[in-house]
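Have a look at the structure below before the remarks.
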Number of protein chains: 2
Amino acid sequence: MPEQPHLDAVELGVYLDLIEVTSVIRLAVEHQLREAGDLSYVQFQILARLGSSPSGSHGMTELADGVVYSRSGLTYQAGLLQKAGLVTRAPSRDDERSMIVTITEAGRERLEKVFPGHIEIVRSLLLDPLSREDVETFARLLGPVREHVRTAPARSARSRRRK
Amino acid sequence: MPEQPHLDAVELGVYLDLIEVTSVIRLAVEHQLREAGDLSYVQFQILARLGSSPSGSHGMTELADGVVYSRSGLTYQAGLLQKAGLVTRAPSRDDERSMIVTITEAGRERLEKVFPGHIEIVRSLLLDPLSREDVETFARLLGPVREHVRTAPARSARSRRRK
DNA sequence: TATTGTTATACTCTATAACTATA
DNA sequence: TATAGTTATAGAGTATAACAATA
């Protein structure tokens, strides 16, 4: 390990542990999603976001942020989801330029189909070694981080501006 | 969100937050690694593992676990790293079948080159919204999870046995 | 026979740049 | 002019299966 960290030992430990833990979980989850529901990780994230949205809808740019770097990446994945009948795409009436992506009933069913096995992996790899109290603590810490990450500069927009 | 979780609300929250947070961090980090050091995320993980190993070496299979699903994936990435002069590969003397991958001086330099910017992203996205105490708590929780994940069934071996 | 690693192949995913259309 | 999204293209990464070599 390089020895010029602007992080102290504890911070470095958190970072390295997180890299390792999330990498293993992600690999396992990617495989499960493909096998159980023929979904890529990105496709699952899109469906999950739409599914947990009250309206079941999101604009494309909004959907891209935090999931893919480029808009074209989202266009590709959304195209696959649409072809599979899991989402619909329709132009917004407020702004004719923007596309509203909406999860379909089949999309929700697919989500439900993969969810149990998905959860099982997360439970066995992440949650099992933690006590109930630890899980609650973990939740308390992660909440603010998620908020912070959401308000961080949007990547799909930024990369466009860079031109 | 599907409503048959074997997870309660808190557990589900941890899971969803983790997905979102790690996804954003990973995207940012992947870009930084590519721009600052022309490294893929997997290549960086390989270098980092080798760099933090006392010997600077690892066997291929050992290296594959937790980073890639297939051995061929590692062969590909290790080949790129070798071509770039960042690692060497030599057959083990204990077991002529196995390959020992070792980080080179150039590999360590590359690691040092990307590390500051890398850390900066992790700090700004993950660590900043947490207090010093929170970071320590986080470290305490993550440690056991990492241990657990390490002892989980190895993926590169398992996928082979499935044949 | 089992295991280690490589190779050939085919496929998925991704991003960049150029483009269209709307604001 | 700026923004939303798409498309074409080209490259990078991945896994599966078949393979060679060693244990």
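Keep in mind that the numbers below use all heavy atoms, side chains included, and drop hydrogens, waters and symmetry copies. In the text below, chain A, chain B and the rest are named by the order of the sequence lines, each starting its count at 1.
- The two atoms that bring B:D38 and B:Q43 nearest to each other are O-OE1, 3.9 Å, heavy atoms only.
- One can place NZ of A:K83 at 13 Å from C1' of D:dT6, the figure rounded to the nearest angstrom.
- Note on B:R150 versus A:E20: salt bridge recorded, some NZ/NE/NH1/NH2 to OD/OE distance being below 4.0 Å.
- Note that CG of B:L142 and CG of A:L16 are 10.5 Å apart. Values are rounded to the nearest 0.5 Å.
- Between A:D95 and A:S92, the side chains place no donor N or O within less than 3.5 Å of an acceptor N or O (distance only, hydrogens not considered).
- The aromatic rings of B:H118 and B:F115 sit parallel to each other, their planes meeting at less than 30°, with 60° as the upper class boundary.
- Protein atom CZ of B:R26 is 12 Å distant from nucleotide atom C1' of D:dG13, rounded to whole Å.
- Here the closest non-hydrogen pair linking A:I103 and A:L47 is CD1-O, 3.8 Å.
- Atom C1' of nucleotide C:dG5 and atom CG of B:L81 are separated by 16 Å, given to the nearest angstrom.
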Close N or O pairs between protein and nucleotides 8-13 of chain C (under 3.5 Å):
from   : atom 1 : to    : atom 2 : distance (Å)
C:dC13 : OP1    : A:R34 : NH2    : 2.5

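- Taking atom CZ on B:R89 and atom C1' on C:dG5, their separation rounds to 9 Å, with Å as the unit.
- Contact check on A:E30 versus A:R34 returns no salt bridge, with no Lys/Arg side-chain nitrogen under 4.0 Å from an Asp/Glu carboxylate oxygen.
- The nearest whole Å value for the distance from the CE atom in B:M60 to the P atom in D:dT22 is 17 Å.
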* **Stepwise salt bridge (charged side-chain N to carboxylate O under 4.0 Å, His left out) check, B:E136 with B:R132** => CA-CA 6 Å; B:E136 281 167 14; B:R132 175 67 205 178; 3.0 Å; yes
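- Taken from CD in B:Q77 to CG in B:L63, the straight-line distance is 11.0 Å, to the nearest 0.5 Å.
- One atom, CE of B:M99, and another, C1' of D:dA20, lie 13 Å apart when rounded to the nearest Å.
- In this structure, B:D65 atom CG and C:dT3 atom C1' are separated by 14 Å, rounded to whole Å.
- Distances shorter than 4.0 Å separate none of the side-chain N or O atoms of B:R71 from OP1 or OP2 on C:dT6.
- Nucleic acid contact class of B:T75 (heavy atoms, under 4.0 Å, all strands): base.
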Protein N or O to nucleotides 20-23 of chain C N or O, pairs below 3.5 Å:
from   : atom 1 : to    : atom 2 : distance (Å)
C:dA23 : OP1    : A:E96 : N      : 3.0

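- The distance from atom CD of A:E62 to atom P of D:dT3 is 17 Å, rounded to the nearest whole Å.
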